[in-house]
> 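This structure is in C-alpha cells; I'll ask about it shortly.
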Amino acid sequence: MSSSRRQYPFHLIEPKWQNVWEQQQAFRAFGPGDEIPASHPFALRHKISGKVSPNQLPPKFYILDMFPYPSGVGLHVGHPEGYTATDILARYKRAQGFNVLHPMGWDSFGLPAEQYAVKTGQHPRKTTEENIATFKRQIKSLGFSYDWKRELATTDPDYFKWTQWIFLKLYNSWFNPDTNKAEPIETLKYPVGLRLPASSPDKTVLETLESNRRIFCDSKRLAYVSEQPVWWCEQLGTVLANEEVVDGKSEVGGFPVVRKPMRQWMLRITAYAEKLIADLNTIDWTDSLKEMQRNWIGRSEGAHVRFRIEGRSEHVRGVSKDLVDADPELIDFSAIDAFIESPDSRLTDSIWVFTTRPDTLFGATYLVLAPEHPCVDELTTDGQRALVESYKAEVTKKSDLQRTELAKDKIGVFTGAYAINPVNGEKIPIWIADYVLASYGTGAIMAVPAHDERDFELAINFKLPIRPVVKPSLEWLSQNGAHLEVSVNVDGKPLTWTYIELIKAAASDKALEPQVFEVYTKRAPEFSAAFANSGVAINSGLLDGLPTAEAKKKITAWLEEKGLGKKTVNFKLRDWLFSRQRYWGEPFPIVWKKDADGKLYHEALPETALPLLPPQLTDYKPTATGEPPLACAKDWVNLPDGSVRETNTMPQWAGSCWYYLRYLDNKNGSAFVGKDAEHYWMGGKAAGVDLYVGGTEHAVLHLLYARFWHKVLFDLGCVSTPEPFFKLVNQGMVLGEDNQKMSKSRGNVIPVDVPVNEAGTDALRLYEMFMGPLEMVKPWSSKGVEGVYRFLGRVWRLFVDEKSETEFEQAQTTAETQNLEVLLDVIKLDPSIKEAAPTPAQLKTLHACIKKVTEDLEGLRFNTAISALMVFVNDAVSWETKPVSVLRDFLILLQPFAPHLAEELWSKVHTPQSTVTLSYQPWPKFDPALLIESEMEIPVQVNGKLRDVIKVSATADNATIEAEAKKSEKVQQFIAGKAIKKVIVVPKKMVNLIVG
RNA sequence: GCCGGUGUGGCGAAAUGGCAGACGCACAGGACUUAAAAUCCUGGGACUUUAAAAAGUCGUGUGGGUUCGAGUCCCACCACCGGCACCA
C-alpha cells in the first residue's frame with residue numbers, strides 16, 4: 001500500500017476498544033441460570049439483572065461459525081470472511097434487542113498434531129494448546145464479538161467426556177422402523193434361534209438365548225462393529241479416511257495407500273436416510289447445498305425382485321420355525337418371516353436384485369452379481385470355476401480408481417449357473433462383472449440390455465440376448481435403432497421388419513399399433529444404443545401398452561402378491577465408518593470380553609467411567625501391522641478382570657457433531673447440555689441455530705453427520721428440535737490477487753496481518769464484505785482494501801476537527817507518555833457538528849441509509865449495505881451543519897461493520913446520560929414518511945425508448961403524468977404528427993407512449 | 001455423463017419486469033503544494049455526427065420467444081466454476 005500517511009489512528013483505536021470490550025465482558029451471552037451483573041450493558045439495555053428465568057430474557061439469536069482446526073500457521077485473508085459476516089450480523093441483532101449467542105471454539109483433534117508428535121515426540125496436547133493460543137490471539141485481534149466464556153475445545157476431557165457419552169447413547173440405541181425413530185436397545189424384541197451359531201450341547205436354553213440376544217442386539221445397534229477394508233498408508237504409518245485419499249495416494253505426502261480389511265466401528269446413519277432427505281424441506285439452506293445432500297444420500301425408488309436359482313428347491317415359508325426350540329413367548333415369528341422374505345436373507349434358493357425399472361422385468365435376459373457377492377462361490381459351476389476365480393483375483397487387484405477408469409470396457413464372466421425370470425419362467429444365465437457394486441442395493445442386478453447402457457455394453461461384448469420391452473420414441477429410434485430387426489405377426493403372417501420401419505408403420509397407421517407391439521423378437525437385434533427413458537411397455541405380457549410409470553406399479557403389485565418382490569426405496573448412503581487407528585482422538589468407551597465359548601464380544605463402559613482418557617505414550621507411531629497406537633499402552637489396554645480396551649479412536653468429525661450444543665452450557669458438569677439452556681437457545685421461531693456460516697467443503701460430511709447425531713438425540717429426548725441448523729449459508733472462497741486459489745505453492749497467500757497492519761482491522765472487515773456477495777467466489781485486491789480504508793478515513797474526517805488532529809499528530813510523535821486515552825482525547829469534534837435540528841434533506845439521507853442497511857443486513861447483502869453507508873458519507877461531508885442526532889444514528893449503523901472506529905467516534909459524540917455502550921444502542925428505526933418526495937422524476941419512453949425524464953408533483957395522478965409527458969419538448973420530437981396508439985402509465989414509475 | 005451455480009465497463013460489482021452500470025478500484029483533468037504524497041473537486045460503456053454544447057445508434061455470453069417494455073420471464077445453445085460419477 002502506497003499511502004504514506006495514516007487515514008486515521010486505527011493503530012491506537014483498535015487495541016483500545018478491544019481492551020474495553022474485554023474488561024466490560026461486553027459480549028457475554030447470558031442464558032437461563034446465568035448471573036447478569038447489574039452494570040453490564042446487556043443488563044442496562046434490557047433492564048434485567050441477577051438470575052432471571054428464561055421468559056424474562058429477550059428473544060435469542062444464535063449465530064454460529066464453523067469452528068476451525070487450530071493449525072500452526074497463521075490465518076490468511078480468506079479465513080475471516082465468514083467470521084466477519086457472522087460478527088456483523090451478531091452486532092446488528094444485538095442492537096435490535098436480541099439476546100445474541102455468538103461463540104467460538106476449536107476442533108482440535110486431528111492428524112497434523114499427531115504427525116508432529118510422531119516426528120518430534122512432543123505430546124499432541126502440547127502442540128494443540130500452543131496452536132489454540134496462536135489462533136485465539138489472531139482471532140481476538142480482529143475484534144469479533146464472541147463470548148469467550150463459552151469457548152470450548154474438542155480435545156478438552158470435559159468436552160470429549162460428552163462426546164463419549166453421546167457415543168454410548170448411539171451404542172445403546174436401535175432404530176425402530178415401526179415408530180420410525182431411535183429407541184433404547186431394551187425395547188428391541190428379537191427373533192430367537194434364527195440362523196445363530198449352534199449352542200454347545202451342555203449349555204442351557206437360557207444361556208443360548210442370552211448369547212443370541214446379544215448377537216441380535218449388536219446387529220441392530222446404531223453403533224456396531226463390522227469387518228471393513230480401510231485405506232492403510234505404510235509411509236505415514238496410519239489409516240486414512242476416504243477424503244484423505246486422492247487418486248490412490250495419500251493427500252499428505254502423496255504416498256501409496258492400500259486396502260486392508262480391519263475390524264471397524266460403524267454408525268448406522270443409513271437408518272436415518274429417509275429423514276435426512278425429508279427434513280431438508282423444513283430448513284432454510286440454499287438449494288445447491290440441499291441438492292448436494294440429496295445426491296449424497298441418493299434416494300431411489302424401485303423394487304427388490306427375487307430370482308430363483310435354477311435347480312434349487314424352493315424355500316418353504318415358515319420352515320425356519322423348526323429351528324427354534326425355545327419358549328415361543330419369546331419369539332417374534334413375524335420378524336423371522338419378514339427376514340426370510342427379505343433380500344437380507346442368506347437363504348440361497350434365490351438371488352435378490354434391486355431395480356428402479358421393474359417394468360422392464362420381461363427384458364431381463366441375464367443376471368449380474370458383483371464379484372464380491374456372497375453367493376458367487378456357491379453358484380459357480382466346476383466348469384467355470386477357474387475363469388471366475390481368475391476374474392475375481394484380477395478385480396481385487398484393481399483399485400477403485402482403476403475400476404472406474406476401465407468403465408468403458410464392460411467385462412464379465414459367466415458363473416455357469418442359471419436363474420429363473422419370475423415373470424416368464426425363462427432360464428437366464430448368471431454372470432459376474434465389476435460394474436455391479438457389492439455395496440449398492442443387493443450387490444446383484446437383473447440385466448435389461450435393451451434399456452440400460454451398461455447392460456447393453458456387456459451384452460454386445462458377450463453376445464447376450466437383447467430384448468426390447470419399452471417402445472422408444474420415433475425420434476430416438478431414428479437416431480439409434482435403425483438396424484434393429486424384429487419378427488412381427490401381422491394378420492397371422494410372420495414378417496421381418498426393421499424396427500424403424502415397424503415404428504413408422506405404426507405411426508402412420510394407428511390401428512396397427514396394438515397388435516404390432518405384441519411381438520416377440522426372435523433374433524438378438526442390432527441396437528446401436530440402449531433406450532433408457534420412459535415409454536410404453538411392449539413384449540411384456542400383462543404390462544403391454546402401459547406407460548412406464550403405470551407398468552412399474554402394476555408389476556410391483558403383481559410381484560408382491562406372489563411373494564416374488566417388494567416395493568423398495570434404496571439409498572446410496574452407506575453407514576459411517578467411525579473408527580480410526582490413531583492416537584489423537586476420543587477413545588471408545590468400550591471393552592472387549594470373552595464369552596463361555598471363548599468368543600469376543602464388546603460391552604459399553606458405564607457413564608461413571610467417563611471421560612475415558614487416552615494413555616500416555618512415548619511413541620505415537622502405529623505399529624506396522626496397523627494396530628492403533630493405543631494398543632502399545634499395555635497397562636491401559638489390559639484391565640484387571642481380563643477384559644481388554646478398544647484401541648481405535650473416533651474420527652475428527654465426532655467432536656464437531658455436537659459442539660453447537662455444548663456452547664449453550666459449556667460448564668455443565670452433569671449433562672452434555674442443561675435442559676433450560678437447550679430449550680432457550682435452540683427453541684423459538686426458527687428452531688435450532690438461527691444462522692450457521694461456513695465453507696462448502698463441509699456440505700456433505702460434517703453437515704450430514706451433525707444432522708444425524710442431532711436426530712438421534714432428538715429421538716431419545718435429549719434435544720427439543722429435529723434439526724440443528726435452521727439457516728445455513730456458505731461463504732464463497734477468497735481467491736488470491738491472481739484469481740487463483742490461495743496456496744503456498746502459488747505464493748499468492750495474503751496473511752491477515754498484512755491488511756491489518758497497513759489499514760487496520762476495521763478496513764479488513766469492511767473489505768471482506770465489500771468485495772461482493774457473501775456466497776460468491778471472489779478475488780482479493782489490495783487496492784480494494786485501500787478504497788474502503790479511504791472511506792473510513794472520510795468517516796473520521798467527517799467527525800474530527802482538522803486542527804486538533806494536526807496537534808494530535810504532533811503529540812503522537814513527541815509525547816513521552818504513550819497513554820492512548822490521553823492522546824486520542826486531544827482530538828476534538830469538528831465545529832460544524834452541533835446539537836441542531838436536522839433539515840428534511842439530512843433526514844432523508846439518513847433514513848434512506850437506515851432503510852437500505854437494515855434491509856440488506858436482513859438479506860445478508862453486506863456489500864450493498866456498505867455502499868449505502870458510503871452514499872451517506874458522500875452526502876454528509878458537504879453539510880455545513882452536521883446535527884449530532886443524525887451522526888449518532890449513522891454510527892449505530894456503522895458499528896456492526898467497523899466497530900472500533902464507531903466506538904471511538906461514539907465516545908466523542910455520545911451524551912453523558914446515555915450509559916449504554918454503542919454495542920447495545922438500539923438500532924434506529926426507519927421512518928417512511930421522511931422519504932416521501934414532493935416531486936418525482938418520471939422517465940418517458942416513446943415506443944419503449946427513453947426520450948426524456950420529466951418532473952411532476954408527487955401527488956400527480958396518471959392523467960396528469962400523461963399530459964405532462966406529452967408536453968415534453970423532447971418527446972414532442974418523436975410523437976409530432978404521429979398517432980398515439982397506446983399510452984402506458986405505470987403509477988409513480990414511468991410513461992410509455994406507443995406511436996404508429 | 002448427471003446435478004447445481006455463474007456469465008453485465010479496463011477491474012470488483014449494483015439494479016421488486018420499468019432511466020443498465022449504484023458503490024468502489026484503476027484511469028484522466030483540475031485545486032492545494034517549491035515538488036511529491038495525502039486530501040478535495042470534476043469526468044467517464046462503446047460507436048457515430050459536431051469546433052463545442054448537444055444529438056443519434058448500439059450495448060448485460062450466443063440465438064430465438066413472451067411483453068407497451070427483458071440483465072431480469074420462457075425455449076435452445078456456448079463458456080467457466082463447484083459437486084457427484086458404472087448407484088442398476
Side-chain angles (χ1 to χ4, degrees), chain A residues 2-7 286-296 298-300 302 353-357 360 368 403-408 410 433-437 439-448 451-455 457-458 532 570-574 696-697 699-700 730 732-733 739 766-767 770-773 775-788 790-791 793-794 797 802 852 861 863-871 873-874 877-878 937-949 970 973 981-986 988-994:
Chain A
S2 54
S3 54
S4 61
R5 201 192 139 185
R6 251 186 216 102
Q7 290 277 346
T286 59
D287 287 342
S288 72
L289 196 62
K290 288 184 181 183
E291 207 48 40
M292 270 197 222
Q293 291 221 338
R294 284 195 196 101
N295 289 342
W296 189 266
R299 183 183 195 275
S300 46
V353 304
F354 173 72
T355 177
T356 54
R357 293 294 300 270
T360 61
V368 188
R403 266 173 92 154
T404 333
E405 260 180 358
L406 300 171
K408 289 153 240 155
K410 291 279 176 295
D434 68 354
Y435 75 89
V436 175
L437 307 175
S439 48
Y440 183 78
T442 60
I445 62 156
M446 63 181 211
V448 185
H451 304 292
D452 180 280
E453 227 152 281
R454 296 148 304 179
D455 298 343
E457 282 168 35
L458 190 79
N570 199 51
F571 296 94
K572 240 162 45 172
L573 185 70
R574 319 279 159 75
T696 1
E697 66 272 23
V700 278
N730 284 128
M733 210 192 319
N739 243 303
L766 214 59
Y767 182 63
F770 188 62
M771 275 190 285
E775 305 90 328
M776 223 49 76
V777 176
K778 52 224 162 231
W780 186 260
S781 154
S782 49
K783 288 288 187 190
V785 185
E786 214 176 318
V788 292
R790 267 206 287 265
F791 162 69
R794 275 160 77 80
R797 291 187 295 274
E802 210 179 306
K852 182 86 175 123
R861 294 181 296 268
N863 54 333
T864 48
I866 292 168
S867 82
L869 294 171
M870 289 171 168
V871 169
V873 172
N874 287 348
V877 284
S878 63
E937 293 189 335
I938 303 288
V940 182
Q941 298 179 347
V942 177
N943 284 349
K945 282 193 176 153
L946 180 74
R947 296 303 178 186
D948 197 9
V949 178
K970 287 179 188 165
Q973 291 174 20
K981 286 204 289 199
K982 196 174 175 184
V983 179
I984 292 125
V985 181
V986 184
K988 296 177 192 284
K989 273 280 159 61
M990 58 106 52
V991 178
N992 193 3
L993 304 171
I994 311 302

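Letters go in sequence order (proteins before strands), and every chain restarts at 1. Only a predicted model underlies this, so the values are computations on that prediction, with no experimental measurement involved.
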> Using the C1' atom as the point on both nucleotides, what is the distance between B:rU8 and B:rC58, in whole Å?
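Looking at atom C1' only, B:rC58 and B:rU8 are 15 Å apart.
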
> How would you label the contact of A:G441 with the nucleic acid (heavy atoms, under 4.0 Å): base, sugar-phosphate, or nothing?
nothing

> Look at the side chain of A:F770 and decide which nucleotide, out of B:rC19, B:rG12, B:rC68, has an atom nearest to it.
B:rG12

> Once pairs are restricted to Watson-Crick or G-U wobble with both distances under 3.5 Å, how does RNA chain B read as a dot-bracket string, [ ] for crossings and | for other-strand pairs?
(((((((..(((.....[....))).(((((.......))))).(((((....)))))..(((((..]....))))))))))))....

> Please work out if A:S781 contacts a base, only the sugar-phosphate, or nothing of the nucleic acid, heavy-atom cut-off 4.0 Å.
nothing

> Measure from the side chain of A:N874, starting at C-beta and using heavy atoms only, and say which of B:rC84, B:rG24, B:rA88 lies closest.
B:rG24

> What interatomic distance, in whole Å, is found between C1' of B:rU72 and the corresponding atom of B:rG24?
24 Å

> Quickly work out the A:L766 CG to B:rG12 P distance and round it to whole Å.
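Computing the A:L766:CG to B:rG12:P distance gives 20 Å.
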
> Identify which nucleotide among B:rA88, B:rC19, B:rU39 has an atom closest to any side-chain atom of A:E937, counting heavy atoms from C-beta outward.
B:rC19

> Of the nucleotides B:rC86, B:rG18, B:rA22, which has the atom closest to the A:S867 side chain?
B:rA22

> Using a cut-off of less than 4.0 Å, is there contact between a side-chain N or O of A:Q293 and OP1 or OP2 of B:rG83?
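No, no such contact exists.
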
> OP1, OP2 of B:rC40 versus side-chain N and O of A:R797: anything below 4.0 Å?
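Yes, such a contact exists.
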
> For the pair made of CG in A:N295 and P in B:rG1, what is the distance, rounded to whole Å?
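It is 17 Å, rounded to the nearest whole Å.
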
> When all nucleic acid strands are considered with a 4.0 Å heavy-atom cut-off, which category describes A:I994: base, sugar-phosphate, or nothing?
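The answer is sugar-phosphate, as A:I994 gets under 4.0 Å only of primed atoms, P, OP1 or OP2.
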
> Within the 4.0 Å heavy-atom criterion, would you say A:K981 contacts the bases, only the backbone, or no part of the nucleic acid?
nothing

> The side chain of A:P773 lies closest to which of these nucleotides: B:rA26, B:rA13, B:rC86?
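Nearest listed nucleotide: B:rA13.
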
> Give a yes/no on whether any side-chain N or O of A:N739 is located under 4.0 angstrom from OP1 or OP2 of B:rC11.
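For A:N739, the contact criterion (side-chain N or O under 4.0 Å from OP1 or OP2 of B:rC11) is not met.
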
> Taking for each residue the nucleotide of RNA chain B with the nearest heavy atom, is it A:A444 or A:G944 whose nucleotide lies nearer the 5' end?
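Mapping each residue to its closest nucleotide by heavy atoms, the 5'-most match is A:G944.
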
> With a non-hydrogen cut-off below 4.0 angstrom, is A:N863 in contact with a base, only sugar-phosphate, or nothing?
sugar-phosphate

> Ignoring hydrogens and angles, answer whether the base of B:rC11 and the side-chain atoms of A:K783 contain a donor-acceptor pair closer than 3.5 Å.
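Counting by modelled atom types and ignoring angles, no donor-acceptor contact under 3.5 Å is found here.
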
> For nucleotides B:rU62 and B:rG7, find the distance between their P atoms and express it as a whole number of Å.
13 Å

> Please classify the nucleic acid contact of A:V986 as base, sugar-phosphate, or nothing, using heavy-atom distances under 4.0 Å.
base

> Just to be sure I understand the rule, does A:K970 reach a base, reach only the sugar-phosphate, or reach nothing, if contact means heavy atoms closer than 4.0 Å?
sugar-phosphate

> Contact class for A:K989 (heavy atom, under 4.0 Å): base, sugar-phosphate, or nothing?
base

> Would you indicate which nucleotide in B:rC3, B:rA88, B:rG24 comes nearest to any side-chain atom of A:M870?
B:rG24

> Side-chain N or O of A:R861 versus OP1/OP2 of B:rA14: is the shortest distance under 4.0 Å?
no

> Other residues, nucleotides and ligands only: do more than 12 of their heavy atoms fall within 6.0 Å of CG on A:D287?
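No - once you tally the heavy atoms of other residues, nucleotides and ligands closer than 6.0 Å, there are 12 at most.
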
> I want to verify a distance call: between B:rG83, B:rC19, B:rC86, whose nearest atom is closest to the A:M292 side chain?
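Nearest to the side-chain atoms of A:M292, counting from C-beta on, is B:rG83.
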
> Check whether any side-chain nitrogen or oxygen of A:K945 sits under 4.0 Å from OP1 or OP2 of B:rA55, and answer yes or no.
no

> Regarding A:S288, tell me which of base, sugar-phosphate or nothing describes its non-hydrogen contacts under 4.0 Å with the strands shown.
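Answer is sugar-phosphate: A:S288 comes under 4.0 Å of backbone atoms only.
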
> Of the candidate nucleotides B:rC19, B:rC25, B:rG4, which contains the atom at the shortest distance from the side chain of A:E291?
B:rG4

> Base, sugar-phosphate alone, or nothing: which one does A:R574 contact when heavy atoms must sit under 4.0 Å apart?
base

> Does B:rA88 have its OP1 or OP2 closer than 4.0 Å to a side-chain nitrogen or oxygen of A:S300?
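For A:S300, the contact criterion (side-chain N or O under 4.0 Å from OP1 or OP2 of B:rA88) is met.
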
> Quickly work out the A:L993 CG to B:rC19 P distance and round it to whole Å.
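Answer to the nearest Å: 16 Å.
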
> Within less than 4.0 Å of OP1 or OP2 of B:rG12, is there a side-chain N or O belonging to A:K778?
no

> Does B:rG9 fall in syn (glycosidic angle within 90° of 0) or anti?
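Syn for B:rG9; the angle stays within 90° of 0.
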
> Pick the C1' atom in B:rA22 and in B:rG12, then give their distance to the nearest Å.
14 Å

> Mind checking if A:D287 touches a base, just sugar-phosphate, or nothing, with heavy atoms under 4.0 Å?
nothing

> Would you measure the distance from the C1' atom in B:rA79 across to the matching atom in B:rG63 and give it in whole Å?
15 Å

> How would you label the contact of A:N992 with the nucleic acid (heavy atoms, under 4.0 Å): base, sugar-phosphate, or nothing?
base

> Kindly say if A:R790 contacts the phosphate of B:rA26, meaning a side-chain N or O under 4.0 Å from OP1 or OP2.
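A:R790 to B:rA26 OP1/OP2: side-chain N or O found under 4.0 Å.
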
